[in-house]
Novice: 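Take this structure, written in structure tokens, and hold onto it; I'll ask about it next.
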Protein chains: 4
Amino acid sequence: MGSRAVVLGASGFAGAEVLRFLSSHPGIDVVAAGAASRVGIPLADFYPSMPSYAGMVFSSFDDALGLEPDIVFSSLPHTHSMELFGDYQAKVVDLAGDFRLKDAAAYPVWYGEAHRHPQALDDWTYGLTEIHRNEIRDCSKVANPGCYAAAALLALAPIAEAALIEPSSIHIDAKSGVSGAGRAGGEGFDFVSANENSRPYSVTGHKHIAEIEQELTYLAGSQITVSFIPHLVPMNRGILATCIAQLRQPLSSTDLEDLYHTRYGQEHFITVLGHSSLPETKRVSGSNFAEIAARIDDRTSRVIAMCAIDNLGKGAAGQAIQNANLMLGLPENTALDVAGMVT
Amino acid sequence: MGSRAVVLGASGFAGAEVLRFLSSHPGIDVVAAGAASRVGIPLADFYPSMPSYAGMVFSSFDDALGLEPDIVFSSLPHTHSMELFGDYQAKVVDLAGDFRLKDAAAYPVWYGEAHRHPQALDDWTYGLTEIHRNEIRDCSKVANPGCYAAAALLALAPIAEAALIEPSSIHIDAKSGVSGAGRAGGEGFDFVSANENSRPYSVTGHKHIAEIEQELTYLAGSQITVSFIPHLVPMNRGILATCIAQLRQPLSSTDLEDLYHTRYGQEHFITVLGHSSLPETKRVSGSNFAEIAARIDDRTSRVIAMCAIDNLGKGAAGQAIQNANLMLGLPENTALDVAGMVT
Amino acid sequence: MGSRAVVLGASGFAGAEVLRFLSSHPGIDVVAAGAASRVGIPLADFYPSMPSYAGMVFSSFDDALGLEPDIVFSSLPHTHSMELFGDYQAKVVDLAGDFRLKDAAAYPVWYGEAHRHPQALDDWTYGLTEIHRNEIRDCSKVANPGCYAAAALLALAPIAEAALIEPSSIHIDAKSGVSGAGRAGGEGFDFVSANENSRPYSVTGHKHIAEIEQELTYLAGSQITVSFIPHLVPMNRGILATCIAQLRQPLSSTDLEDLYHTRYGQEHFITVLGHSSLPETKRVSGSNFAEIAARIDDRTSRVIAMCAIDNLGKGAAGQAIQNANLMLGLPENTALDVAGMVT
Amino acid sequence: MGSRAVVLGASGFAGAEVLRFLSSHPGIDVVAAGAASRVGIPLADFYPSMPSYAGMVFSSFDDALGLEPDIVFSSLPHTHSMELFGDYQAKVVDLAGDFRLKDAAAYPVWYGEAHRHPQALDDWTYGLTEIHRNEIRDCSKVANPGCYAAAALLALAPIAEAALIEPSSIHIDAKSGVSGAGRAGGEGFDFVSANENSRPYSVTGHKHIAEIEQELTYLAGSQITVSFIPHLVPMNRGILATCIAQLRQPLSSTDLEDLYHTRYGQEHFITVLGHSSLPETKRVSGSNFAEIAARIDDRTSRVIAMCAIDNLGKGAAGQAIQNANLMLGLPENTALDVAGMVT
């Protein structure tokens, strides 16, 4: 018998991807799929592509949590998790931003309103496994990273830890597939508007900046400030983060490459590319893998660090299951070895 | 220990998808990946998204087969399989057209040259599991269906068996993603030419007609002739076959729906959609599942039968592994329960 | 001074395309752009890509028509045109279905409700120029064809006129870009749902069947009945109609090709492709041109007729301007010679 | 009678777009279309979407230039223009990089070999109209900008001229549609590889850096150095340049916006977006227009300048015709007022 899991927000894109990964997970059984607006509707109608849930109907959140699951995967709009899990006892992996920031004072700044359960913030661990693996293993509440933050942090962690760059020189330019906007994308996210189109948005002040700076500052041991510009590009899945920063002192490309190989050599889900290859979002699509490459631009004494992930994989559902595997004492890669796409 | 498998044509799209499915198959171990033009190159360079093959290099066909595998998955250009497997002893699932037609006289007509080992044709079973399951279980040589043929046959099998339609009235209009053309697509298959474009091709005389007519005739017990028009549409994966035929006598939509539910009710990979839903290629993308719906057009006394599959899933690699599972005595759905895409 | 034109429904896709064509039309001046939901908003905010309308704001329909234009282009949801133009005096090209059917009794059948001004139906001409050029030139009210109907009729007109086919044997399979669904596409038309997806819809009973049968019957001089299955494919623009029908008697491909060249040889906007080429939607994208090819399938004694148009070009706005040019006594191709896309 | 023009490289993407724009140009007549590999083939076969060239066949370069045209549009691979136009007398707009750099010593560094006619470099004007309008009007040789350079320079020109930023702090992150790679894209540019994929390339040392730095240095009056990272995103057309630089001293967003409006207020093809809108590539697709927006990031004291163009419009063919109009004494916007795409 596997652990009993509940998925909340099961009709959204991230929730659907959690269900998709769990449909072949040998150690976790989904006992309820909560979706506020579709209570009572058979999953078979909504997800004909997932016959393994054929007998299930969408539940209310109360009914789902009333089953006393071993673990909850929650992917709800901001503030819902604060309310539901402020003093919840069982294990939770939250895919929203409600518990990502350690500093309660940061919530009004970045999310526009005060946190509703600030006393609970200490119970939560920021769930980027490659940074906080041990804490995740031992905790019961994990705040899964934002999709952009996951890509940027994986790209920048080695150089932040090694203190190789000017702390206020980092710029992150990210390109996201349209699923990052969620199912209720609205105007500008219809096919005709988004197809054959690329555009920036939220060019100053995207919410993910807060968690990126929090974690880079943690890794560097001193304050890091970044600029971050997200873009929408016409594909369903994938995030490519292209980061640039000023070197503090000269560094060879070989030494940089060694640094990345050393940092990520034992990481199952991180592929550090050699000098002849650069990250591509397609190759990690549908998977929990990340591709990373780093280069030195000698002309400008800058380091370039790039990371490609699936925004719904390592950027959401895949990362959530990687965390859950750790929290449940399972092999970290259980149900996550599906390879990225070639075609 | 799993069965030892060799994949030939491992650098092509179908071969890559076989590798992707097998990367998480608990009962089959890939011992060699053959690719004529890339012998000696590490799979890690070509498929960074499949870390489970990190230690392997592409082999020559001779070296691969020299390992005496339990089963071979072969996805090579036409005539290669004839030569390699004309008198080969071990189990083979061939994804090419070399052994699909029972009648040796049909090869010059449809493939432009005589079969090179016509005496071997009797050893091969046409590998659409939902039609030939028992023969597949007991044989050692399976000719995997063409991608268009798989979609058309799954759509039409129930009405062909039930003799509901005029035998010379069937028309099949199919829409394929671009991966159907293979990696060496050439002119017209570059991104700019294929994107934002839809076009018919081979409008009279596509090779898959031969196997469609062979199998429909087998199912109907009398000669069936079809017209078939394939189209390229701008997506990577997926085939949608929209079939139409003249009813022999009046039939209600309810009776038609019952026929399909009865025929496919026990089939793990076939989802017969209810009256409020029609097949979509996205929902089966990346999977071995098929979605099927059938309708009556009362105005013209025609039956409309539609099927969506992933051309690389149920139309190639997924079907191949379903067949291999049967041939090896494994549960038919081993490693094939990954759900289709929501996003 | 050019003729003074009003565009109603100017915030929709077809209305936008009318504005785009008219922005470089030397003989027609847009004096108002009507959009019910955006009255008072500057066009510059909504269409930054059309600087020629920089000084204009969206008008109410009343204000727009109050300017007493020489000609109205109307692209409004069904029933609006019936009300607005039931007894309107000036020239109108209506892009909706309100006046396409000659037979008032057909409206309840195909549009679900009775026509509100049936006495006005005789004043309207069906606006496919290649069929009704002379009537269009002399009339003041033109009902522009539906996009699917335009493609199917251009493909089938020569063989319908020549009475070459069995009158109840025609089947039309059409593939449309997503803009065909209009700006308010709704669920299933967001980027993520429509991208990497192909699907049929309205497989029995699409509204355009009525006008296709009306016009084919007119051309053939005897009753024609068709089946018609539309599909959505993941591109912004373009319709490809693939039509098939049973020959009455044997016909050579050469004779068929001659028939098409003869029929369309003088038509400026129709390109009949030779025997080595088939229609592609990309090549007519953004233009008013149509590509047509016809073939004989000897095995089944069927004729295959294919047509590619831009659903917003020859299927809507381009056709509307071609009609307006005729109605205003201008050269038929004024402002319409922009070539289709290569890239 | 219009000026007589020759288009060289007429079978490539940029050449095709020159032909497309010229097909409706009232003051320029195309007398020959040169394409080395297709001499003698009718344009009608290759470009069925451009019926206005129906009677023309592709010429050799010698035959084309032998017609002694008034102006040549040349879009050939690097070094061809050096050879053809090193001492050519008539007007030329060259779309390649052969004459863009003023400093002969820069060619070996950026293009890998010495310039073959360095003495001719002084005869050529860098053809970004918004920077060099007067020189272009008076010269006979124009080196059309690289597509990335056009986008980056339009975004950065106002702040470079105003000396608002640290001269070594500029970083340019650009996203290009796949047509930027040209028709002979090769491996990685087939539909399946490029679709649903985003990737960086040439992350240190792309050729366009040289012309960007040359022109920014010219505008600033002091040495400017930039880093530049291009990316491929899955669309046919469009370049989006997102530029960031460190402010020298505080600046308000309002003052920045004023600066851009002042600089570009009279420019026909430049749309400076207000504070509620950001550039989108779709809206300039198929046109010669550019959309520009600039913002201040107060947290990091950086200026963000963004520009969207069609890489084949303002980034190639459109810009070339804008230059030709000036050189020929025609209104600058002749044949260039076609609006960008809404759908």
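Letters go in sequence order (proteins before strands), and every chain restarts at 1. Computed over heavy atoms, backbone and side chain alike; hydrogens, waters and symmetry mates excluded. What you see is a predicted model, and the numbers here were worked out from it, not measured in a lab.
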Novice: When you compare the side chain of Asp190(A) with that of Phe191(C), does any pair of heavy atoms fall below 4.5 Å?
Specialist: no

Novice: Using a 4.5 angstrom heavy-atom cutoff, name the option from Gly177(A), Ala181(A), Gly186(A), Ala194(A) with the most pairs to chain C.
Specialist: Ala194(A)

Novice: Spell out the residues in residues 231-238 of chain C that have some non-hydrogen atom less than 4.5 Å away from a non-hydrogen atom of chain A, in order of number; otherwise answer 'none'.
Specialist: Pro234(C), Met235(C), Asn236(C)

Novice: Cut-off 3.5 Å, no hydrogens considered: what does the side-chain donor-acceptor table look like for residues 201-210 of chain C, sequence neighbours left out?
Specialist:
residue	atom	partner	partner atom	Å
Tyr201(C)	OH	Tyr148(C)	OH	2.7
His206(C)	ND1	His208(C)	N	3.0

Novice: Report the residues that fulfil ring-ring contact (aromatic ring centres under 6.0 Å, His included) with Phe189(C), sequence neighbours left out, ordered by chain and then residue number.
Specialist: none

Novice: Enumerate by number any residue of residues 46-59 of chain C whose heavy atoms lie under 4.5 Å from heavy atoms of chain A; in the absence of such residues, state 'none'.
Specialist: none

